[in-house]
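Worksheet: one structure, shown below.
Order of listing sets the numbers, starting from 1, for every ligand and every atom in it. Worth knowing before you read on, the calculation uses all heavy atoms, side chains too, and leaves out hydrogens, waters and symmetry mates.
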Amino acid sequence: MANNPPFVTNYRGRFAPSPTGPLHFGTLVAAVGSYLEAKSHDGEWLVRIENLDTPREISGASSEILRTLESLEMEWDHDVVYQSERNSVYQTTLAILDEYGVIYPCTCTRREIADSSITGVSGPVYPGTCRSNLLNKKQIGALRIITDNSLVKFKDALRGQISQRLESETGDFVLRRADGIYAYQLAVVVDDAEQGITHVVRGADLLDSTPRQIYLQKLLGYPTIKYMHLPVVVNNQGKKLSKQNLATPLDISNPVAQLIATVSFLGQEPPTELLKNSISSFWEWAVKNWCPEKIP
Ligand code: GLU
Ligand code: ZN
């Protein structure tokens with residue numbers, strides 16, 4: 001061991017918006033937080049468009065999101081990856097999990113699941129009703145992965161130690177929906193690994209999904225990623241801003257003001273003089289003074 005060359009750490013982060021509408025303040029927080037973490041580590045920052053849920057995709061939203069990033073002078077590294085072009089990779093991964101004997105078709109209806117479940121961290125805990133389908137591959141329906149009750153643990157950079165027991169807190173979760181669409185949990189794990197992502201910075205609404213992602217990473221032999229979950233922007237009814245509750249699109253007629261509002265939300269204290277300066281001088285200040293310890 002002692003003769004090994006020193007381990008060189010690289011930082012590769014990413015921003016992974018879903019094109020269900022134009023960028024709003026909530027998603028900009030994730031974009032800016034992940035960008036500043038990456039840049040302050042001298043790392044790379046990649047962009048991936050998570051457009052698997054085609055029924056919810058708004059046409060033109062992807063290019064609008066990318067244009068907004070460009071107008072904020074947030075340059076990404078490498079080519080943008082579109083999940084819609086990667087079905088064969090997800091399919092191959094499902095075939096591997098099938099070899100391991102850990103996925104099964106679930107033919108339960110929403111109603112049946114609701115009736116037979118308790119509510120967990122993100123909706124009903126699937127009680128494993130269809131596990132006996134394991135050998136009956138001809139069944140059609142959603143594909144679920146078998147979970148167990150070992151403790152999945154990770155240390156979030158802002159929130160400290162987080163742990164979950166998947167079987168009792170989420171139940172066996174869906175990797176491919178009954179309509180054939182690959183689930184976010186599967187795609188995000190496959191893509192983060194394949195893109196060599198080392199650090200994920202995103203909204204705390206995804207904190208509860210992280211143990212499922214770590215569980216999949218372990219099963220697939222992928223490296224475990226480091227996570228930082230940022231505070232979520234809420235509207236005045238205390239609801240997370242989302243395209244669904246019609247968060248107003250960003251006003252980027254004054255990009256520096258918008259960026260200042262974003263880093264201020266993240267607890268940073270930009271001097272007001274920055275308002276008079278260019279976007280690039282904003283970024284210069286922001287990267288140099290980025291202090292995650294100040295995030296509320
Ligand atoms: N596409 C997800 C969203 O927009 C984010 C996924 C992630 O950062 O892991 O909510
Ligand atoms: Zn079922």
Side-chain angles (χ1 to χ4, degrees), residues 13-35 37-38 45-53 56-58 61-62 65 69 80-84 103-117 122 124-134 136 139-147 156 171-178 181-193 195 197 199-214 216-217 225-230 232-233 240-245 247:
R14 50 66 160 182
F15 171 53
S18 306
T20 47
L23 213 58
H24 57 77
F25 189 69
T27 23
L28 185 62
V29 166
V32 167
S34 59
Y35 181 83
E37 262 295 284
W45 185 69
L46 279 58
V47 173
R48 179 172 72 233
I49 300 289
E50 302 211 317
N51 58 347
L52 284 179
D53 198 349
R56 285 183 48 218
E57 182 166 357
I58 303 282
S62 310
I65 290 171
L69 295 176
V80 172
V81 165
Y82 292 84
Q83 289 189 324
S84 57
I103 55 177
Y104 62 87
C106 166
T107 47
C108 300
T109 61
R110 249 175 230 276
R111 176 88 248 180
E112 284 167 329
I113 296 174
D115 286 350
S116 61
S117 317
S122 50
V125 176
Y126 182 68
T129 323
C130 295
R131 277 191 185 179
S132 52
N133 285 344
L134 200 51
N136 187 358
Q139 299 262 17
I140 44 163
L143 282 177
R144 289 185 186 269
I145 184 155
I146 297 185
T147 54
D156 183 84
D172 296 350
F173 53 97
V174 171
L175 298 186
R176 197 183 66 206
R177 297 175 1 187
I181 293 180
Y182 294 97
Y184 159 69
Q185 307 292 359
L186 174 73
V188 74
V189 167
V190 170
D191 292 343
D192 281 340
Q195 292 187 280
I197 302 302
H199 293 73
V200 164
V201 178
R202 60 185 176 191
D205 52 310
L206 291 165
L207 191 64
D208 287 335
S209 288
T210 309
R212 274 169 278 179
Q213 295 171 16
I214 292 174
L216 278 175
Q217 284 159 8
I225 294 172
K226 297 214 163 35
Y227 291 92
M228 176 188 282
H229 287 89
L230 302 172
V232 171
V233 183
K240 182 199 160 200
L241 279 194
S242 71
K243 296 131 197 169
Q244 287 73 44
N245 63 34

Tell me, do [X] and [Y] make a side-chain contact under 4.5 Å, heavy atoms counted?
{"X": "Ile197", "Y": "Leu46", "answer": "yes"}
{"X": "Val188", "Y": "Gln213", "answer": "yes"}
{"X": "Arg14", "Y": "Gln195", "answer": "no"}
{"X": "Tyr184", "Y": "Ser18", "answer": "no"}
{"X": "Arg212", "Y": "Ser122", "answer": "yes"}

[X] and [Y]: which non-hydrogen atoms are nearest, and at how many Å?
{"X": "Val232", "Y": "Asp205", "value": "CG2-N, 3.4 Å"}
{"X": "Ile113", "Y": "Cys108", "value": "CG1-CB, 3.6 Å"}
{"X": "Leu230", "Y": "Val29", "value": "CD1-O, 3.6 Å"}
{"X": "Pro19", "Y": "Ile49", "value": "CG-CG2, 3.7 Å"}

>> Check this for me - ligand 1, Arg202, N or O atoms closer than 3.5 angstrom, yes or no?
In response: yes

>> Regarding ligand 1, does Asp205 bring an N or O atom to under 3.5 Å of one of the ligand's N or O atoms?
In response: no

> So which bit of Arg14 gets within less than 4.0 Å of ligand 1, heavy atoms only: side chain, backbone, both or neither?
Replying inline: side chain

>> Under 4.0 Å, heavy-atom basis, I'd like to know which part of Leu206 is in contact with ligand 1: side chain, backbone, both or neither.
In response: side chain

Which ligand 1 atoms, with their elements, are less than 4.0 angstrom from a heavy-atom of [X]?
{"X": "Ser18", "result": "1 (N), 2 (C), 3 (C), 4 (O)"}
{"X": "Val188", "result": "9 (O)"}
{"X": "Tyr184", "result": "6 (C), 7 (C), 9 (O)"}

> Under the ring pair (Phe, Tyr, Trp, His ring centres under 6.0 Å) test, which residues partner Tyr35, sequence neighbours left out?
Replying inline: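 Only Trp45, Trp283 meet the ring pair (Phe, Tyr, Trp, His ring centres under 6.0 Å) criterion with Tyr35.
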
>> Ignoring waters, how many N, O or S atoms from the protein are under 2.8 Å from the Zn ion (ligand 2)?
In response: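 N, O or S atoms of the protein closer than 2.8 Å: 4.
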
>> Contact between ligand 1 and Gln213 is defined here as a heavy atom of the residue under 4.0 Å from a ligand atom; is it met?
In response: no

>> Quick check on Phe15 - does any of its heavy atoms sit under 4.0 Å from an atom of ligand 1?
In response: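 No.
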
